[in-house]
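Structure record follows, encoded as structure tokens.
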Amino acid sequence: MIVRGAPLSAAFYDREPDRVARELLGAVLSLDDGHGVVSGRIVETEAYLGPHDPASHSAVGRTPRTWHMFGPPGTAYVYFIYGMHWCVNAVTREEGYGSAVLIRALTPLAGLDRMRLRRPKARRDADLCNGPGKLCAALGIDRAFDGASLTGGSALTVCAGEAVPDAQVLVTPRIGISKAVEWPLRFVVRGDAR
DNA sequence: ACGCGGATGGCCT
DNA sequence: GGCCATCCGCGTA
């Protein structure tokens, strides 16, 4: 069975973040930690448009924390939040612009045994990766991957998967933010995330 | 099935 | 000093 195609290219990411967020649904995020591959199908994303988007980290400018959000398209921007969680983004548009897509949920595909070890509190497999902090814990994504390329050549990659038809895509406002709360920039595969 | 609050630490003002 | 692009457990129903 084919669950994973070629890595998505820099050209894929070098477009408007909402477009990339929509098309990232169905793609496969995978991390090879040297013992094997841990991966999941992307089922929830959010677009952060850039410096003019009040909810975007890039709105504060290029600081040490937000540095890699201004990197070239296809870069991983990984940040630490609430004193204990990591979250991973895929940088979009041209280098220096500052837009990205937050990966919010995965359906586990491979390496479930390793995910369970890293997420002992998950009672069901469905709870392994159904949140931005949870999926980073399950895959073992942390500061070490901030600035890594997702387009191949690093241990963390995003590969083509089965396309998700429009009829299965739900668009809603973004979650957990306090600015620009109405903007419809969250993309969810119906019935698959949350 | 909800809603609420505590944990926990780095970063910007 | 205050604010987080969160998660989890506990309370009420």
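Atom CZ of A:F80 and atom C1' of C:dC4 are 12 Å apart (whole Å). The NZ atom of A:K121 sits 17 Å away from the P atom of C:dT6 (whole-angstrom rounding). We find that CG of A:D127 is positioned 11 Å from P of C:dG9, with the value rounded to whole Å. One interatomic measurement links the two molecules: CD1 of A:I177 to C1' of C:dT6, which rounds to 14 Å at whole-angstrom precision. For A:R123 and C:dC7, the CZ to P distance is 18 Å, given to the nearest whole Å. The CG-P distance, from A:N130 to C:dT6, rounds to 13 Å in whole Å. For the pair A:L128 CG and C:dC7 C1', the interatomic distance rounds to 14 Å; values are reported in whole Å. A:I81 has its CD1 atom 18 Å from the P atom of C:dG2, to the nearest Å.
The side chain of A:P64 sits closest to B:dC12 out of B:dC11, C:dT6, B:dC12. Among the nucleotides C:dC7, B:dC11, C:dC8, the one closest to the side chain of A:R143 is B:dC11. For A:S178, the listed nucleotide lying nearest its side chain is C:dC4; candidates were C:dC8, B:dG9, C:dC4. Closest contact between the side chain of A:M84 and the listed nucleotides C:dC8, B:dT8, C:dA5 involves B:dT8. The listed nucleotides are B:dC12, B:dG10, C:dA5; the one nearest the side chain of A:T63 is B:dC12.
Between A:Y82 and B:dG9, no base-stacking contact is recorded for ring centres under 5.5 Å apart and planes less than 30° from parallel.
With a 6.0 Å cutoff to the six-membered ring centre and a 45° limit on the axis angle, A:R62 counts as a cation-pi contact of A:W67. A cation-pi contact, defined as under 6.0 Å to the ring centre and within 45° of the axis, links A:R15 to A:F12. Judged by the 6.0 Å and 45° rule, A:R174 forms a cation-pi pair with A:Y48.
Partner assigned to C:dA5 is none, using Watson-Crick or G-U wobble distances below 3.5 angstrom. Of the nucleotides present, B:dG3 is the one that pairs with C:dC10 by Watson-Crick or G-U wobble criteria, both distances under 3.5 Å.
Note on A:H85: every side-chain N or O is 4.0 Å or more away from OP1 and OP2 of C:dC7. Residue A:K179 has no polar side-chain atom (N or O) positioned under 4.0 Å from OP1 or OP2 of C:dA5. Between A:R65 and C:dC4 there is no side-chain N or O to OP1 or OP2 distance below 4.0 Å.
Toward the 5′ end of DNA chain C lies the nearest nucleotide of A:V101, the other residue of the pair A:V101 and A:A122 mapping further downstream.
When ring centroids are compared, A:H57 and A:Y79 come within the 6.0 Å threshold.
Within the 4.5 Å cutoff, the side chain of A:M115 has heavy atoms near those of the A:V38 side chain. At a threshold of 4.5 Å between non-hydrogen side-chain atoms, the residues A:L128 and A:L135 do not count as touching.
If you check every strand for non-hydrogen atoms under 4.0 Å, A:L102 touches a base.
For a distance-only test at 3.5 Å, the side chain of A:Y79 qualifies as a donor-acceptor partner of the base of C:dA5.
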